[in-house]
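Below is one structure; the comments refer to it alone.
Only this structure's heavy atoms are used, side chains among them; waters, hydrogens and symmetry mates stay out.
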Amino acid sequence: MPLTIRSATPTDLDTLTAIEGAAFAPEDRFARRNLRRMLASRSAWIGIAESGDMAAGAAILLFRKGARTARLYSIASDPGFAGQGVGAALMSACVAEAARRGCDRLRLEVRASNGRALALYERSGFSLLKEKKAYYADGESALILERDLKARPI
């Protein structure tokens, strides 16, 4: 079944909480209250990937007023949809939304050990900016990646 991506609404809070819970370890999940706040914020965009009537994944973009760089804060697919292009579809939607809002760069942080995410980001045109040692609470480093939206259009 084909995937569709739509903007999340406050009624999607339970769905987003479930996706976060299925995709991330407890220490890496967004708290429900944070998701609620982002759903109401104009400086955030949350996209939900759907396959039929089932949520397959979600992505969260954050924007700062006047900034030309958007931050991909979270991208997750439900494990039941692994390998079905959910991440790539969400990434395309994020790139389009960032460009639509006038951004020329998209930046993210990722655990250095997250090979699956790193492969998606590489395929999506991201490159390494720097490493932040001991960034996560468990001491793991984060890799800071960026994609130039003007150099590689949507």
Between S41 (side chain) and R37 (backbone), is there a donor-acceptor pair under 3.5 Å? no

Examine Y73 together with F30 and report whether their ring centres are nearer than 6.0 Å.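 Ring centroids of Y73 and F30 are less than 6.0 Å from each other.
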
For a quick test of reading the model, state the closest non-hydrogen atom pair linking [X] to [Y] and the distance between them.
| X | Y | value |
| --- | --- | --- |
| S141 | A134 | OG-N, 3.6 Å |
| L3 | A56 | CD2-CB, 4.0 Å |
| R116 | A82 | NH2-CB, 3.5 Å |
| A55 | D78 | O-CB, 4.3 Å |

Could you tell me whether the side chain of [Y] reaches within less than 4.5 Å of the side chain of [X], counting heavy atoms only?
| X | Y | result |
| --- | --- | --- |
| L129 | R107 | yes |
| L72 | R147 | no |
| R68 | C103 | no |
| R71 | L61 | no |
| S113 | E140 | yes |
| W45 | C94 | yes |
| Y136 | R111 | yes |

Does the side chain to side chain contact (heavy atoms under 4.5 Å, CB included) test come out yes or no for M38 and I46, once each step is laid out? CA-CA 8 Å; M38 283 185 249; I46 302 176; 4.0 Å; yes

Honestly curious: do [X] and [Y] fall in one hydrophobic cluster under the side-chain, below-4.5 Å linking rule?
| X | Y | result |
| --- | --- | --- |
| L120 | F81 | yes |
| I5 | I60 | no |
| V110 | L128 | yes |
| L62 | I75 | no |
| I19 | V86 | no |

With rounding to the nearest 0.5 Å, note down the distance linking [atom1] in [X] to [atom2] in [Y].
| X | Y | atom1 | atom2 | value |
| --- | --- | --- | --- | --- |
| L145 | L118 | CG | CG | 6.5 Å |
| D138 | E27 | CG | CD | 6.0 Å |
| Y135 | L143 | OH | CG | 11.5 Å |
| T15 | L35 | OG1 | CG | 11.0 Å |
| T9 | L16 | OG1 | CG | 9.0 Å |
| S74 | N34 | OG | CG | 11.5 Å |

Between [Y] and [X], is there a salt bridge with N-O shorter than 4.0 Å?
| X | Y | result |
| --- | --- | --- |
| E20 | R32 | no |
| D12 | R36 | no |
| R105 | D148 | no |

Flag this pair as yes if the NZ/CZ of R101 is under 6.0 angstrom from the six-membered ring centre of F63 and inside a 45 degree cone about the axis; otherwise no. yes

Set out, in order, the CA-CA distance, both residues' side-chain angles and the distance that settles side chain to side chain contact (heavy atoms under 4.5 Å, CB included) for I48 and L90, then state yes or no. CA-CA 8 Å; I48 294 184; L90 285 165; over 6 Å; no

Check against side chain to side chain contact (heavy atoms under 4.5 Å, CB included), F126 and L106: CA-CA 8 Å; F126 284 82; L106 185 55; 3.8 Å; yes

